[in-house]
**Q** 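Let me begin by handing over the structure; questions about it come next.
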There are 2 protein chains.
Amino acid sequence: MRREELLDAAEDLLADQGSSALTLAAVAERAGCSKGGLLYHFSTKEALIKGMVERLIEEFDELVAAQGHDTYTKNYLAATFAAVQSGRLRRWAVVTGASGNLYLLAPLREAMARWHREGLETEPDPAAAQIVRLACEGLWDVASHDPGLYDDGRYAELKRGLLALLPG
Amino acid sequence: MRREELLDAAEDLLADQGSSALTLAAVAERAGCSKGGLLYHFSTKEALIKGMVERLIEEFDELVAAQGHDTYTKNYLAATFAAVQSGRLRRWAVVTGASGNLYLLAPLREAMARWHREGLETEPDPAAAQIVRLACEGLWDVASHDPGLYDDGRYAELKRGLLALLPG
DNA sequence: TTTACTGTACCGGCTGGACGGTTCAGTGGT
DNA sequence: ACCACTGAACCGTCCAGCCGGTACAGTAAA
């Protein structure tokens, strides 16, 4: 399926050249196909961006669900580290791609609202859970702007520190 | 001085219409002046964006310095809450404005790298300080995408919770 | 097993419009 | 006389979306 490769190409472009580099021609070239081929899969530029946003949300939700802990926060924590360390879910790239029109960003904002509320009140220590989730958010942000800040050892240490804040 | 108003207008536009709304004509109109007047102060669009980025960094650094705590992390925490709750420093808007060309974003990335390293190792509990700073980062992010998530009471509670993680 | 047809996937040239940036002759307050 | 603009005209570039075409795989009647 060429669709995924086109989304990857768009994210590549955003990640290493910024949002003004996201033109249909550039995406097509990066993916090794023609503009017409790109427009066959995504009939407008907006559709392409929507595609990136939806994929990001779906994949992260799946990643959270795939963790085997007993609270949403712990799963969220594990998923965040998995996403950030693998570098596969480039959230910042997608956000900047969608930042042109706010309604393209709306699904992501809704998802974020969900990620920071889901199951919060039923957790053993809601205040700690909230802090951990915010730190995860911050980690994602910092890691995309300053990739060299943490190495694997630092990540592991940080993860232990965050888990220690959570009861159980 | 019209300069500040022009920067405000640009941020307004970014905050409530997204980055593609940032055109010279739109900024001028929003600020209530002409395109010529805008170009009198900022001779190119890049200069305007650079202006926003520099102002954001300077104002936040001043805000941190203006707090009276005994560690950088505590000052950073207090400054973040002040910035987020007042809504005056619209970091997200500035970031999206600058996300078109990565070199415009570079000063902000350097500033972030600094904010997450400065004085970290000399603090009483570096691991806790790191978590608190990441949570601040996350708070800034979440607050800009989901402004309704926290009210004043929640902010106060969260701030107490974060301060409690720091020794002293 | 040839022919005719259908749908899918993809190509690439073209154009209309928007936008950044420039210039310049005013204007009004100080 | 100078600063801080105004307002409008203008230009060149860039780019999204359109559209006419191509290649090919499957399929099914004759």
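Residue numbering restarts at 1 for every chain, and letters A, B, ... go by the order of the sequence lines.
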**Q** What does the B/S/- profile of nucleotides 11-21 of chain C look like, 5' to 3', with a 4.0 Å heavy-atom cutoff to protein?
**A** BB-B----SBB
**Q** Using atom types as modelled, flag every donor-acceptor pair under 3.5 Å from a side chain in residues 126-134 of chain B to any protein atom, sequence neighbours excluded.
**A**
unit_1, atom_1, unit_2, atom_2, d
B/Q130, NE2, A/Y150, OH, 3.2
B/R133, NE, B/T73, OG1, 3.0
B/R133, NH1, B/W115, O, 3.1
B/R133, NH1, B/E118, O, 3.0
B/R133, NH2, B/T73, OG1, 3.0
B/R133, NH2, B/E118, O, 2.8
B/R133, NH2, B/E123, OE2, 2.9

**Q** With sequence neighbours excluded, give me every salt bridge (charged side-chain N to carboxylate O under 4.0 Å, His left out) pair touching residues 71-81 of chain A.
**A** A/D70-A/K74
**Q** Please list, chain by chain and in numerical order, all residues satisfying side-chain hydrogen bond (donor to acceptor under 3.5 Å, both in side chains) with A/Q67, sequence neighbours excluded.
**A** none
**Q** What parts of residues 94-108 of chain A reach DNA chain D, counting only heavy atoms under 4.0 Å away?
**A**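 Heavy-atom contacts with DNA chain D come from no residue of residues 94-108 of chain A; none.
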**Q** Between protein and nucleotides 20-23 of chain D, what N or O pairs are separated by less than 3.5 Å?
**A**
none

**Q** Report yes if at least one side-chain N or O of B/H41 is closer than 4.0 Å to OP1 or OP2 of D/dA4; otherwise report no.
**A**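 B/H41 to D/dA4 OP1/OP2: no side-chain N or O under 4.0 Å.
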**Q** For A/E11, what residues pass the side-chain hydrogen bond (donor to acceptor under 3.5 Å, both in side chains) criterion, not counting sequence neighbours?
**A** A/R55, A/R90
**Q** Taking side chain as C-beta onward, heavy atoms only, is A/F42 less than 4.5 Å from A/R3?
**A**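 Counting from C-beta outward, A/F42 and A/R3 do come under 4.5 Å.
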**Q** With a 3.5 Å cut-off and sequence neighbours excluded, list the donor-acceptor pairs that the side chains of residues 25-34 of chain A form with protein atoms.
**A**
unit_1, atom_1, unit_2, atom_2, d
A/R30, NH2, A/D16, OD2, 3.3
A/S34, OG, A/G36, N, 3.4
A/S34, OG, A/G37, N, 3.1

**Q** Can you tell me which residue pairs pass the salt bridge (charged side-chain N to carboxylate O under 4.0 Å, His left out) test with a partner in residues 34-53 of chain A, sequence neighbours excluded?
**A** none
**Q** Please name all residues satisfying side-chain hydrogen bond (donor to acceptor under 3.5 Å, both in side chains) with A/D151, sequence neighbours left out, ordered by chain then number.
**A** none
**Q** Would you kindly give the OH-to-P distance between B/Y40 and C/dT27, to the nearest whole Å?
**A**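 It is 19 Å, rounded to the nearest whole Å.
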**Q** Among residues two or more places apart or on two chains, list those pairs meeting salt bridge (charged side-chain N to carboxylate O under 4.0 Å, His left out) that have a residue in residues 158-168 of chain A.
**A**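 Qualifying pairs, neighbours excluded: none.
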**Q** Does B/S19 have any side-chain hydrogen bond (donor to acceptor under 3.5 Å, both in side chains) partners at least two apart in sequence or in another chain, and if so, which?
**A**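 side-chain hydrogen bond (donor to acceptor under 3.5 Å, both in side chains) list for B/S19, sorted by chain: A/S99.
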